Amino acid sequence: MRNNINSCGPRKTEKNETYHAIHKLPPGDSPYVRAKYFQLVEKDPEAAIVLFWKAINTGDRVDSALKDMAVVMKQQNRAEEAIEAIKSFRDRCSKNAQESLDNVLIDLYKKCGNIDDEIELLKQKLRIIGQGEAFNGKPTKTARSHGRKFQVTVKQETSRILGNLGWAYMQQTNYTAAEAVYRKAQQIDPDANKACNLCTCLVKQERYTEARSILENVLQGELSGSDDPKLKNRSVELLKELENLIKSSVSDSSASSGISLEDAFIGGLDQLMNSWNPVRSKRLPIFEEIISYRDQLAC
């Protein structure tokens, strides 16, 4: 029988510290701790959500409670509810929690298919980087992946966000905009996955020669991640598609008709890249030109 929602934890014969360590639970018996218990031990997401709400309303570890509740809601196909929860209660969270809440929101927007909102939030994150406010002004931050800690630089974070932005544009079939941001992402921190996406953007614009040149860099192992088996298979499939398209194509259209749409955006990225020199100011005049072009970039 499962424990009552208002109480949880080890039996009296167990040592609290050992119990919490085994189940990776925070110490104590507050609403947030009980929520984590039902999430991680009892595997009861609905009970966990109720207790996360209680934690938020009572001011118990609100930063973690709101983020964890949104993640559980997403797993329960309640993404829209999670979005509203973050928007309504993020003002109760600390400044340090805002970046992680943005990251959760981006995942939720993807889940709901809210591409316009996803694009706007990604551009907002880029503007924050451009203003020198990312990572609370520090050059790196500590990230976690599969239980492993590692350092992420501002350059790497910028390239990652640009990659996500390019993917969002691809979902809108705006391949010229996607191409522009993928090219900048590759200049900052190139990898094989973004190269394949850039190749797809060029294929969609019938610019097969350019696409093949980029794909060859992946196939020759010149980019980070080129040795990943899934990317290798994807690259081979893209090459087959390209060869068939080239054979059936009368001419390769190498002119891009839409890159000018991104001129202001690209100009802002150029300024950001130039700012990564030994001498830099505290506040960088980056991405300010984007604002006046917001509607164009999102179309």
Side-chain angles (χ1 to χ4, degrees), residues 1-114 117-118 121 125 135-136 140-152 156-157 160-161 164 228 230:
M1 179 179 292
R2 292 187 174 182
N3 286 295
N4 186 282
I5 193 171
N6 292 315
S7 64
C8 68
R11 298 172 182 172
K12 293 182 179 180
T13 56
E14 294 178 301
K15 292 183 178 179
N16 286 348
E17 291 184 4
T18 302
Y19 179 88
H20 284 279
I22 290 173
H23 296 287
K24 297 181 179 179
L25 294 173
D29 191 36
S30 66
Y32 176 74
V33 174
R34 293 199 296 274
K36 295 301 290 183
Y37 173 82
F38 278 95
Q39 177 192 1
L40 301 175
V41 180
E42 294 289 350
K43 309 296 183 184
D44 186 343
E46 295 302 328
I49 290 171
V50 171
L51 286 163
F52 280 132
W53 271 124
K54 186 174 182 179
I56 293 167
N57 289 324
T58 58
D60 177 27
R61 307 191 196 192
V62 179
D63 290 3
S64 297
L66 182 57
K67 179 172 68 70
D68 292 348
M69 183 181 72
V71 171
V72 175
M73 283 180 168
K74 177 189 172 187
Q75 294 168 349
Q76 296 302 109
N77 293 318
R78 295 166 62 180
E80 291 183 358
E81 186 179 347
I83 290 171
E84 290 306 311
I86 290 178
K87 288 182 176 180
S88 299
F89 292 94
R90 68 182 305 165
D91 60 339
R92 299 190 185 186
C93 298
S94 67
K95 182 179 178 181
N96 291 339
Q98 300 305 316
E99 182 183 351
S100 61
L101 288 174
D102 282 341
N103 292 334
V104 174
L105 265 181
I106 288 170
D107 286 339
L108 291 169
Y109 287 145
K110 287 180 182 177
K111 178 82 171 177
C112 294
N114 295 352
D117 289 334
E118 180 188 352
L121 184 51
K125 289 174 73 67
F135 304 172
N136 294 316
T140 64
K141 73 171 181 179
T142 301
R144 291 176 179 269
S145 178
H146 305 292
R148 182 176 62 89
K149 290 184 178 180
F150 57 96
Q151 293 296 307
V152 177
Q156 290 171 328
E157 180 71 356
R160 183 189 71 82
I161 295 171
N164 288 338
D228 181 85
K230 291 183 179 179

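None of these values were measured; they are calculated from a predicted model.
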Any donor-acceptor N or O pair under 3.5 Å, side chains Lys95, Gln98: no
Side-chain heavy-atom pair Pro26, Lys36 within 4.5 angstrom cut-off: yes
Euclidean distance, Arg160 CZ relative to Asn164 CG, rounded to 0.5 Å: 5.5 Å
Distance (rounded to the nearest 0.5 Å) between Leu108 CG and Asp117 CG: 11.5 Å
Parallel, tilted or perpendicular, as decided by the 30° and 60° cut-offs, for the rings of Phe52 and Tyr32: tilted
Contact check, side chains of Asn57 and Arg92, non-hydrogen atoms, under 4.5 Å: yes
Minimal non-hydrogen separation, Ser30 against Asp60, with atom names: OG-OD2, 2.8 Å
Contact check, side chains of Phe135 and Glu99, non-hydrogen atoms, under 4.5 Å: yes
Minimum-distance pair of heavy atoms, taken over all atoms of Lys111 and Ala79: CG-CB, 3.7 Å
Point-to-point distance, once rounded to the nearest 0.5 Å, from CG of Asn114 to CG of Leu121: 11.5 Å
Ala85 to Leu66 - nearest heavy-atom pair and separation: O-CD1, 3.8 Å
Straight-line distance of Arg90 CZ to Asp102 CG, nearest 0.5 Å: 4.5 Å
Pairwise distance CE(Met73) to CD(Glu46) - rounded to 0.5 angstrom: 8.5 Å
Nearest heavy-atom neighbours spanning Glu118 and Ile106: CG-CG2, 4.2 Å
Contact summary for Cys93 and Leu101, nearest pair of heavy atoms: SG-CD1, 3.9 Å
Candidates Arg78, Lys54, Glu81 - the one meeting side-chain contact (heavy atoms from CB on, under 4.5 Å) with Ile49: Arg78
Smallest separation among heavy atoms of Ile56 and Ala65, with atom names: CG1-CB, 3.9 Å
Verdict with reasoning, Arg61 to Val33, per side chain to side chain contact (heavy atoms under 4.5 Å, CB included): CA-CA 9 Å; Arg61 307 191 196 192; Val33 174; 4.1 Å; yes
Short side-chain donor-acceptor distance under 3.5 Å, Asn103 and Lys67: no
Nearest-0.5 Å distance, OH of residue Tyr109 to CD of residue Glu80: 11.5 Å
